[in-house]
Amino acid sequence: MIHRIKSLFQTEAVSYLFWGGAATVVNWIVYTAMSFLTPCSMMVCNLAAWLAAVLFAYLTNRCFVFRSRAHRPPEIFREFFLFLGARIFTGLFEIFLPSLLFRLGVTSALFGIEGFWAKAIVTILIILMNYILSKRIVFRKASEKHSET
């Protein structure tokens, strides 16, 4: 049983979801701590929490999910900025797409949350987009880079 659980966590998709969940926890911890311990505005707390979660996600994706082989500083900086750019790109979808879906009629509420399903659809889309961008662009293996040329 333990061997099955261990092998399950060695699969890339499960590892990605696990570490993504952990990044979400980091986001909430930083946001909550800043909200209680600093005089910063909600926007500043949220930005700091997002940055902490993105940094955590980069490190865990690099080490545990995609097992990056980049070791030289220029390679690592390139990888990090591609990761950051991908997260900013998908973040724009996360900001604007729920409202668009809501206007297009995905208006059902759940648990009293207006637009719950629009937000849920976008969340799933963002997870998939982040995974694809990380796998195909950010942490692409050297063998994959050379096979495309």
Side-chain angles (χ1 to χ4, degrees), residues 1 4-70 75-141 143-145 147-148:
M1 178 72 165
R4 292 181 86 178
I5 293 170
K6 186 177 178 182
S7 66
L8 180 65
F9 271 92
Q10 289 175 341
T11 65
E12 192 175 84
V14 171
S15 183
Y16 182 81
L17 291 173
F18 173 80
W19 290 110
T24 301
V25 170
V26 166
N27 184 306
W28 277 91
I29 288 171
V30 171
Y31 177 80
T32 302
M34 286 193 65
S35 294
F36 282 109
L37 302 174
T38 71
C40 295
S41 70
M42 181 183 198
M43 184 180 291
V44 169
C45 294
N46 204 32
L47 177 61
W50 181 83
L51 288 170
V54 167
L55 181 58
F56 179 85
Y58 168 72
L59 293 171
T60 56
N61 276 250
R62 174 180 162 67
C63 297
F64 305 120
V65 178
F66 299 106
R67 294 178 175 87
S68 173
R69 293 191 176 125
E75 295 170 330
I76 294 169
F77 285 129
R78 178 188 173 279
E79 194 177 75
F80 176 72
F81 285 111
L82 283 172
F83 187 85
L84 182 61
R87 292 301 166 110
I88 291 169
F89 174 73
T90 59
L92 293 173
F93 283 90
E94 195 166 358
I95 291 167
F96 296 110
L97 196 53
S99 296
L100 176 62
L101 289 176
F102 192 82
R103 285 191 195 111
L104 293 174
V106 183
T107 57
S108 298
L110 186 66
F111 306 120
I113 302 169
E114 185 179 28
F116 178 90
W117 291 110
K119 177 74 172 162
I121 290 166
V122 171
T123 298
I124 292 167
L125 179 64
I126 296 303
I127 291 168
L128 290 171
M129 287 173 63
N130 282 334
Y131 178 77
I132 291 166
L133 290 170
S134 290
K135 184 169 181 69
R136 295 290 175 200
I137 296 173
V138 178
F139 298 107
R140 188 169 54 166
K141 306 284 187 249
S143 61
E144 295 170 351
K145 292 176 189 174
S147 67
E148 292 180 3

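- From Phe66, atom CZ reaches atom CZ of Arg140 across 13.5 Å, with rounding to the nearest 0.5 Å.
- Between Pro98 and Ala118, the shortest heavy-atom distance links the atoms O-CB, 3.7 Å.
- Within the 4.5 Å cutoff, side-chain heavy atoms of Lys119 are placed close to those of Glu94.
- A distance-only check finds no donor-acceptor pair linking the side chain of Ser99 to the backbone of Ile95 [under 3.5 Å].
- Between Tyr16 and Tyr131, the ring planes are perpendicular. Angles over 60° get that label, and only those under 30° would be called parallel.
- Closest approach of Cys45 to Thr38, counting heavy atoms only: SG-OG1, 4.3 Å.
- Across Val30 and Ala49, no two heavy atoms sit closer than the pair CG1-CA, 3.6 Å.
- The line from CG of Leu84 to CZ of Phe80 is 5.0 Å long, rounded to the nearest 0.5 Å.
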field: Chi angles and distances behind the side chain to side chain contact (heavy atoms under 4.5 Å, CB included) call for Leu97, Leu100
entry: CA-CA 5 Å; Leu97 196 53; Leu100 176 62; 3.9 Å; yes

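- Taking SG from Cys63 and CH2 from Trp19, the interatomic distance works out to 9.5 Å, rounded to the nearest 0.5 Å.
- In this structure a side-chain-to-backbone donor-acceptor pair under 3.5 Å is present from Asn61 to Ala57.
- Rounding to the nearest 0.5 Å gives a distance of 4.5 Å between CZ of Phe139 and CD of Glu79.
- When all heavy atoms are compared, the tightest approach of Ala70 to Arg62 is O-NH2, 2.5 Å.
- How far CZ of Phe116 is from CD1 of Ile121: 10.5 Å, rounded to the nearest 0.5 Å.
- Counting all heavy atoms, side chain and backbone alike, Asn130 lies closest to Thr90 at OD1-OG1, 2.7 Å.
- Looking only at side-chain heavy atoms (C-beta outward), Phe83 and Val54 come within less than 4.5 Å of each other.
- Looking only at side-chain heavy atoms (C-beta outward), Trp50 and Arg87 come within less than 4.5 Å of each other.
- The structure places CD1 of Ile127 at 12.0 Å from CD1 of Ile132, a figure rounded to the nearest 0.5 Å.
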